[in-house]
Structure formats: C-alpha cells, structure tokens
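Chain A is the first sequence line, chain B the second, and so forth, proteins listed ahead of strands; every chain is numbered from 1.
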Amino acid sequence: MPELPEIETVSRALRPNITGLTVQQVVKRREKLRMPIPNLEFLVGQTVLGTDRRSKYLIINFEHGQLLVHLGMSGFLHWASPTDEVGKHDHWEMRFTDGQILRLRDHRRFGCVLWQPKDTIHDALTHLGPEPLEEAFTTEILKQQIGKKGSPIKTVIMDASVVVGVGNIYANEALFHSKIDPHSKASDLSDAHLEKLVIAIKFVLSEGIRLGGATLRDYHSVDGSDGLFAQFTKVYGRAGQECLVCKSTIQSEMLGQRNTFWCPKCQKKIVKKTSGKGSKQKIKK
DNA sequence: ACGTGATCCTGGAAGC
DNA sequence: TGCTTCCAGGATCACG
C-alpha cells in the first residue's frame, strides 16, 4: 500500500541510479491498468534527468516531459536484468542502454503510467490539493480547503482535492496524534484543532519517510518491515487492543467505506455549538 | 455543489 | 484438506 512516504522513498532511492540513463526500449505487456498505458516509444533515445514526486505519483523527468507512475496499492518498481524472468504481474518496463530494466509490477492493477508533456499538467493532477509537507500547507490553507464541508474529518483529509497523500493509515494515525475523533464534522473544527491536525499530518508523514515507508505491510516482506509497521501505527489495525496511551480499547468502524480506528478516550468528538449569538466550540466526550 | 456509495482487482487470510 | 467468502486500498464515476 504505497502512500506518500513510500513514493517519496522510492523517488529518493531511484534518483541516483536512474538519472543519466538513456531509454533503449519501452515494453508494455498489458494495455490497461487503472487507465490505459499510453504508447511511449518516443522515449527511446531520451535520457532521464531525475525523479520527483507529486501527490502519490512518482515523476521521472525527461527533456520533453514527465512520466507519471502511480503504484496504486500493490505496485512497485524493481530493477531487473535481461536474463531475469518476467513475472506474471510485470505489466510495463523501460529498458536502458546500459542493460538495466526498470519494471512495474502490480498484481492488483490499481496503478497507472501516464505521460505529461513539458509545460502541461495532466488531467489526473489538475484537481489536486496542496502538498502536506510543504511549508505552504498551513492551518489557514487547510481551513480554506475544508470550507463548509460537513463530512467526517477523516473522509475530508483523505480527499486529494483537500490535501494530497493522506491515505487511510495516515489519516487514522494523524487523527490519533491530534486527539480528534474521526467522526467530527470537518467544518466544526476550530483553528486550534486544525493547527493540531496540520502538525499531526506533517508528523506522521515525516515519520513514514524517516522509517523508509513504514507502511509497506503487504509488500514483499523484506526483513523487519513488519516490525516497522507495527512500531509505527498507534491505532490503525489495532481494533480491540489497548490504547498505548490510556489503555482504553481501540475502536473500529467503517467510515466512508474505509476501516477507521480510534481511541474513544484520547480522541474527542468535536461539536460546534450554535446557541444564541455567535458560535462556540465545545469539546464533547 | 456537495455527499455517499459502488466499482475496479487479486492474493492472502479467515471461515466453513 | 479444500472450498468459498471477505478484505485491503486510491481514484473515479454515478446518483441523490
């Protein structure tokens, strides 16, 4: 389940190895992932200038544009040599003139490969909200993005048009760290709550990156990755277990079709009271 | 305009 | 043991 920290980790790891390589061949073994893979034969002879990330898209830079690779939830890139066997779910690859092959494997096929010509923005990226780890992502910006949205705050922060890169695991964890009940209506949050939430989102994503993408749970288990995942999550996947802070039982429930975990004691449901003149924020148990 | 929920896909876990 | 059912997830689309 690659989320923002995993993509950032992949981008950083890939950069020194791929930069400067020249494409010899592009091989498409399956036409359709989540979206059709475009024909990219025009990349032959072009040299990789570097890698980047926008939202959960890995960006591979070329002189005439950018290759956007989304790993969906089960996708990953791996290096191969010409003699390596092609896996059942190796759907696409770039071969370079030095003999290395970069393969996209994605058994659930939720990923996609897109091309974005220079100085244009692909349709898939136009509606995206701010990057959570940039300084420009502030309490004020989050407040603007939320506007009058009355949905549960957890659903709202997972909406990529509000802020990108906050997947289910990080949404659960960020709400735990900010002590906000996931059911709270987004528009009911005060500036103080939003400030805590912004700090928590930045914190959990940064921690994810620091741990090299800790949430690679159903990833091919490289030794120790499971341990990192368990060490990272305070509420996600811990329904029925003790809260690590207060020992209350962690609750779980489907919210917005996603499994949601929270501590009923540490996390308070926020309800805005609109009695009489003006409105006051009140924290309700 | 906004909110909700179905859909895509498949390996592995859980249940019978 | 072997079969079936369920679950995970992000993005998109249809509908109310």
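For B:dT10, the OP1/OP2 oxygens have no side-chain nitrogen or oxygen of A:Lys88 closer than 4.0 Å. Remark: A:His89 is in phosphate contact with B:dG11, judged by side-chain N or O atoms under 4.0 Å from OP1 or OP2. Between B:dC2 and A:Ser151, no contact under 4.0 Å exists linking OP1 or OP2 to a side-chain N or O. Residue A:Gln257 places no side-chain N or O under 4.0 Å from the OP1 or OP2 atom of B:dT4. Distances shorter than 4.0 Å separate some side-chain N or O of A:Asn259 from OP1 or OP2 on C:dA8. Residue A:Arg108 has no polar side-chain atom (N or O) positioned under 4.0 Å from OP1 or OP2 of B:dC8. Regarding contacts with the backbone of C:dT12, a side-chain N or O of A:His127 is found under 4.0 angstrom from either OP1 or OP2. Using a 4.0 Å cut-off, some side-chain N or O of A:His70 falls inside it from OP1 or OP2 of C:dA11.
If you check every strand for non-hydrogen atoms under 4.0 Å, A:Gly256 touches nothing.
Per the geometry, CZ belonging to A:Phe110 stands 9 Å off C1' belonging to C:dA8, to the nearest Å. Between A:His107 atom NE2 and C:dA8 atom P the separation is 15 Å, expressed in whole Å. Computed from coordinates, the A:Leu71 CG to C:dG10 C1' distance equals 12 Å when rounded to whole Å. Taking atom CD on A:Glu6 and atom C1' on C:dG10, their separation rounds to 13 Å, with Å as the unit. Residue A:Leu114 contributes atom CG, which lies 12 Å from atom P of C:dA11 at whole-angstrom precision. Distance A:Tyr57 OH to C:dG10 P: 13 Å, rounded to the nearest Å. Rounded to an integer number of Å, the gap from CE of A:Met254 to C1' of B:dA6 is 12 Å. We find that CD1 of A:Ile146 is positioned 15 Å from C1' of B:dC2, with the value rounded to whole Å.
By the 30° and 60° cut-offs, the orientation of the rings of A:Phe76 relative to A:His78 is tilted. Ring-plane geometry between A:Phe62 and A:Trp115 is classed as tilted, the angle between the planes lying from 30 to 60 degrees on a 0 to 90 degree scale.
Along DNA chain B, the nucleotide nearest A:Arg30 and the nucleotide nearest A:Lys148 are compared for position; the residue whose nucleotide lies closer to the 5' end is A:Lys148.
The neighbour count for A:Lys202 NZ, taken as heavy atoms of other residues, nucleotides or ligands under 6.0 Å away, is above 12.
Between the CG atom of A:Leu58 and the OG1 atom of A:Thr51 there is a distance of 6.0 Å, given to the nearest 0.5 Å.
Two rings, from A:Phe232 and A:Tyr170, have their centers less than 6.0 Å apart.
Donor-acceptor pairing under 3.5 Å, judged by distance alone, is present between the side chain of A:Arg258 and the base of C:dG10.
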